[in-house]
Amino acid sequence: VGSEMCIRDRTWIVRGGDNDWIIKHQTDDFVYYCRIRTSVKAALRETSRHNYFLEVLSGKDEFTLLVDFSTDENALNTSDDYASVVRANRQAWEAFWMSGGAVDLSGSKDHRWKELERRIVLSQYLTAIQSRQQYPPQETGLTCNSWYGKAHLEMHYWHMAWAPLWGHPELLTRSFDWYIDILDEAKKNASRNGYKGARWTKMVSYTGSDCPSKIAPLLVWQQPHIINMLQIVIDNNTSDDFDVKAYMSKYWILVKETAVFIADYLVYDPMSDIYNIEAPVIPVQERHLPEDTRNPIFELAYFRYGLLIAAKWAYELGFTDEASQWHNIAMHIAPLPINDDVYIAHSNCPDTFTNKAIDHPLMLQIYGMLDGYGAEDIVDKDIYRNTLMKVIDVWDYSTLWGWDFAVIAMAAHKLGLDYIALEQLLINSPKNDYVESGNNRQNSRKDLPLYLPGNGSLLLAAARIFNI
C-alpha cells in the first residue's frame, strides 16, 4: 500500500541545474509542473515527501526567484526574467486600478467612510487575485483549504458578481466556459434525480463531479446563478466591442439547460394553477428539515427571476416556444409565504422569527439581491420593510455569514434606507470582521481565517448603494 501511495501522489525533480529546476507533481492521473529559477547559483534538494530546500551557494545577500506552475511542461515560462515579470505585474495592476468603477469617500465627514473605503479597495484586490480564475473558487481562494478544497457553486455569485458592476466583466466571464465544459456532468446530475436539463451541484470538483455532502443533493438555490451572472454581464458591459448577440448565442446552451431543469423541478398543481417547490428541499438557510420544507421563499423568487431572464434570451434568439413556456411558468409560481405581515422562510415555517432566527435571513434576498426582471412585482414593500426591521430586531447576528451583511444592506437600500445599509455593512459582528489585510475573517470559525464571499458581497452591495 505504501508503494502504491507513493506512485499515486509524488513529486520529483525532472530537470535541474545551478539555477533552474522543474519539479513534477503527480496525483493519480493529474499532473502539474513547477519551474523554479534563481538569479544566482543555488542547490535544490528534496528534504521529505513534497518538501524541497533551496540553498543559495553564491554567498550573496540578495537574489531573485521566479516560480511558475503549469499542467503543460512546455508551457512553463521560458523567456521572462525577474525584471520583465515585475514590469508586467505593475502594468497589469495599473490597468486594473485605472479602469472600471470607483467611489470617492474622502470628502465625507462621517468617520465610517474611511473604513468602508479601506474594505472596498482591499476587497477588490483580494478577489481579483484569488477568485478570478477559470474555475469557481473555494471560499478561502488560494490561501488555504476550506471544505476539502472544493468550490461551492452557490457561492460563485457572491465571489465575483461584483466585477461587471465595477467595470471588470472579464474577471467573471472567464469562468463561464467552465460551465460549458462540465455541462454534461450537470445534465447527468439532473438525470440521476429524474429531471431534465442541467442541475448544478453545490460542492463541486473542477471536473464538475458532485462531491459527497449531506446538503448538496437537496440544495437548489444555486441553479439560477449562471443565468443571473450571464445577464449581469450584459446589463453592465459598456464596451463598444461587446457583441451581445454573439455572447448570447455562445452561452444560450447554459441558459436553456438551466431553465429546462428549473421548469421540470417545479411541481404543477392543476387545482390552483400554480407551480410549487415541494419537499424534500434544503433552502438557503440550511437549518430546516428538508422533508418539512415547502415553497422556500428565496427559491420561489429566484426561480421566477431566472425563468424570466431565460424567456427574454429565448425570445431574443428566436426560440419563441421556450420563451412562452418559461414566461408562463414564471407567472404562475406560488406566491411568497407570509405570516403576521412579514415574509417567512417557507410556507411551513410560521416560527421563522422565533425558532429559526439564525443563519441566513433568506427572506431579504427576494428583493435586495435581485434587481429588475420582475423581482419587484411580487414584493409588497410594506411587508418587506416589516421583514427587514424584524430581522434587525430579533436575528442572532452571531450566526450570520460574511455575505449576509451585504444582503441586509441591499434590502435596506432598496427601501431607501441607506443609513441602515451602511450601518449593516460596518456593524460589529463576529463574521463581519475585516482584518488589516482586508480579508473577511469569520471569527467563530477557526478554519475560516478569510472568507472571500464576504469581500465579494461587500463590493456588490457598495456598487448598488453608490450606483457605481
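All values derive from a computational prediction rather than experimental measurement.
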Within the supplied structure, the quantity of interest is the number of heavy atoms (other residues, nucleotides, ligands) at a distance under 6.0 Å from N428 CG; does it exceed 12?
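No, the 6.0 Å shell around CG holds no more than 12 heavy atoms from other groups.
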Does D351 CG have over 12 foreign heavy atoms under 6.0 Å away?
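Yes, the 6.0 Å shell around CG holds more than 12 heavy atoms from other groups.
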Of all residues at least two apart in sequence or in a different chain, which pass the side-chain hydrogen bond (donor to acceptor under 3.5 Å, both in side chains) check with R174?
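If we apply the side-chain hydrogen bond (donor to acceptor under 3.5 Å, both in side chains) test to R174, skipping adjacent residues, there are no hits.
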side-chain contact (heavy atoms from CB on, under 4.5 Å) with K202: which residues, sequence neighbours excluded?
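Partners of K202 under the side-chain contact (heavy atoms from CB on, under 4.5 Å) test: H152, E154, I215, A216, L219, Q222, E286.
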If we ignore hydrogens and angles and just use 3.5 Å, is the side chain of S429 paired with the main-chain N or O of Y397 as donor and acceptor?
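At least one qualifying donor-acceptor pair exists.
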So, does N455 use its side chain to make a donor-acceptor pair with the main chain of G438 at under 3.5 Å?
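Judged by distance alone, yes, a pair lies under 3.5 Å.
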Using 0.5 Å steps for rounding, measure from the CG atom of L452 to the CD atom of Q130.
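Atom-to-atom, L452:CG and Q130:CD are 5.0 Å apart.
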For the residue pair Y179 and H156, does the interplanar ring angle fall in the parallel (under 30°), tilted (30 to 60°) or perpendicular (over 60°) class?
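Answer is parallel, since the angle falls under 30°.
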Among W200, W221, Y275, Y195, which residue satisfies the ring pair (Phe, Tyr, Trp, His ring centres under 6.0 Å) criterion with Y265?
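Result: among W200, W221, Y275, Y195, Y195 is the only option passing the ring pair (Phe, Tyr, Trp, His ring centres under 6.0 Å) with Y265.
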Check the side chains of [Y] and [X] for a donor-acceptor pair under 3.5 angstrom, ignoring hydrogens and angles.
| X | Y | answer |
| --- | --- | --- |
| N439 | R441 | no |
| Y268 | N276 | no |
| S239 | N237 | no |

Any ion pair linking K114 and E117 (charged N to carboxylate O, less than 4.0 Å)?
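A salt bridge is absent here (no side-chain N lies under 4.0 Å from a carboxylate O).
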